[in-house]
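Order of the sequence lines fixes the chain letters, A, B, ..., with proteins taken first and strands second; residue numbering starts at 1 for each chain.
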2 protein chains.
Amino acid sequence: MTQPPSTPAPAIAQDGPLPRQRRTYSIGELAKMFEVTTRTIRFYEQEGLLAPERRGQTRIYNEKDRVRLKLTLRGKRLGFSLAEIREVVMMYDAMPDGNRRQLRRLLEILADKRANLERQLEDIRLMQLELDDVERRARDVLASLGDQKD
Amino acid sequence: MTQPPSTPAPAIAQDGPLPRQRRTYSIGELAKMFEVTTRTIRFYEQEGLLAPERRGQTRIYNEKDRVRLKLTLRGKRLGFSLAEIREVVMMYDAMPDGNRRQLRRLLEILADKRANLERQLEDIRLMQLELDDVERRARDVLASLGDQKD
DNA sequence: GCCGAGGTTTACGTTAACGTAAAGTGCTTG
DNA sequence: CAAGCACTTTACGTTAACGTAAACCTCGGC
């Protein structure tokens with residue numbers, strides 16, 4: 001991904017105990033970092049959400065890959081499907097040389113996601129009120145149980 | 001949910017062309033009302049999220065059932081599993097005669113859900129910023145395409 | 001030289017949340 | 001009374017998003 005033509009990525013760059021500028025990650029590192037399994041990461045690649053470089057057979061993830069994974073997981077937490085996430089991600093990548101139709105389509109998708117987020121905000125607000133209510137009642141009952149034994 | 005002990009729910013109360021106080025619903029009505037299929041509603045019942053009365057074989061839903069369905073669907077939109085939703089719903093129902101342990105457990109669950117919602121709020125905020133960014137770039141590209149034809 | 005820690009592919013298994021089809025019941029309407 | 005419509009049960013099918021197992025490579029260290 002990283003388009004910036006710089007930094008040819010020195011093979012292992014073992015120049016200190018904690019290299020301050022870590023540019024690549026193994027699949028295992030990413031897995032721990034985000035608390036997912038390597039299977040998940042490979043699956044996301046298979047689904048077209050990631051496309052790490054290879055050193056021989058081994059996958060090498062760079063900073064951009066890491067960000068993508070982060071965004072993907074965030075999307076998942078918000079209930080988006082991998083297909084939806086891929087839609088935005090791919091459009092985004094194709095953007096620089098996209099034609100009008102594609103760009104307008106992208107804007108449509110974005111508006112759609114936005115509307116979705118707005119509804120989720122409202123849902124969260126309502127849900128919080130419900131939880132407030134349930135909790136208040138639960139505490140009341142607990143209090144009324146004040147001196148009984150169980 | 002609504003526990004208010006009142007209103008014994010008169011069987012059918014057919015007293016007008018458009019009974020202003022509709023207390024019961026058919027499965028089809030609820031399905032249209034919430035834009036889900038009847039299959040979905042029956043499935044939720046099977047999963048212990050609903051328990052409508054029966055008139056013979058037919059399911060009769062009252063106001064409380066309707067609210068439950070609404071809350072269930074809201075939970076779903078927020079990415080909760082049916083199992084999670086059921087957990088809260090069942091605890092809530094068992095509340096009045098719940099013992100301390102159950103009530104504390106309920107409070108735990110609520111705190112958990114709350115934390116979840118908080119993270120979702122943050123995720124939404126971040127996601128909105130991302131969308132802002134993507135949209136801005138897309139508009140820029142579109143503008144730069146100003147006079148080309150496609 | 002071999003061993004363990006990580007990486008890889010291939011492929012079948014699993015779970016949640018329904019979809020879909022078949023076959024039957026019950027009312028009411030022309 | 002036949003047709004139609006809404007409801008019912010039963011049961012197999014489907015999709016997304018991984019889990020899990022087997023069998024393999026490869027590299028640094030003892």
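Residues Glu29(A) and Tyr61(A) have side chains that never bring a donor and an acceptor to within less than 3.5 angstrom of each other.
Residue Ile60(B) contributes atom CD1, which lies 12 Å from atom P of dC27(C) at whole-angstrom precision. Atom-to-atom, CG of Leu73(A) to C1' of dA17(D) comes out at 13 Å; the value is rounded to the nearest Å. Spacing between atom CD1 of Ile85(B) and atom P of dA17(C) amounts to 8 Å, rounded to whole angstrom units. Atom NZ in Lys32(A) sits roughly 12 Å away from atom P in dA5(C) (whole-Å rounding). Atom CG in Leu69(B) sits roughly 15 Å away from atom C1' in dA17(C) (whole-Å rounding). Rounded to whole Å, atom C1' of dA16(D) lies 16 Å from atom CD of Glu87(A). Atom C1' of nucleotide dT8(C) and atom CD of Gln57(A) are separated by 4 Å, given to the nearest angstrom. The nearest whole Å value for the distance from the CD atom in Glu35(B) to the C1' atom in dC18(C) is 17 Å.
Thr37(B) comes within 4.0 angstrom of the backbone, heavy atoms only, and of no base. Within 4.0 Å (heavy atoms only), Ser81(B) reaches sugar-phosphate atoms of the nucleic acid but no base atom.
Hydrophobic clustering, defined by side-chain heavy atoms of Ile, Leu, Val, Met, Phe, Trp and Tyr closer than 4.5 Å, leaves Leu126(A) isolated from every other such residue.
Phosphate proximity of dT20(C) to Arg39(B): absent, as no side-chain N or O sits under 4.0 Å from OP1 or OP2. Distances shorter than 4.0 Å separate none of the side-chain N or O atoms of Arg59(A) from OP1 or OP2 on dG7(C). Between Arg54(B) and dT9(D) there is a side-chain polar atom (N or O) within less than 4.0 angstrom of OP1 or OP2. Contact check, Ser26(B) against dC7(D): a side-chain N or O comes under 4.0 Å of OP1 or OP2. Contact annotation: Lys76(B) side-chain N/O to dC18(C) OP1/OP2 distance is under 4.0 Å.
Linking Ile, Leu, Val, Met, Phe, Trp and Tyr whenever their side-chain heavy atoms come within less than 4.5 Å puts Leu73(B) and Tyr92(B) in one cluster. A continuous path of Ile, Leu, Val, Met, Phe, Trp and Tyr side chains, each step under 4.5 Å between heavy atoms, connects Val141(B) with Ile109(A), placing both in one hydrophobic cluster.
A heavy atom closer than 4.0 Å to some atom of DNA chain C occurs in Thr40(B), Phe43(B), Tyr44(B), these being the qualifying members of residues 40-50 of chain B.
When side chains are defined from C-beta on, Arg114(B) counts as touching Glu135(A), because their heavy atoms get closer than 4.5 Å.
In Met90(B), the CE atom is not crowded: 12 or fewer heavy atoms of neighbouring residues, nucleotides or ligands sit closer than 6.0 Å. Other residues, nucleotides and ligands contribute more than 12 heavy atoms inside 6.0 Å of the CD atom of Gln46(B).
Considering only the side chain of Ile27(B), dT8(D) comes nearest among dT8(D), dT8(C), dC18(C).
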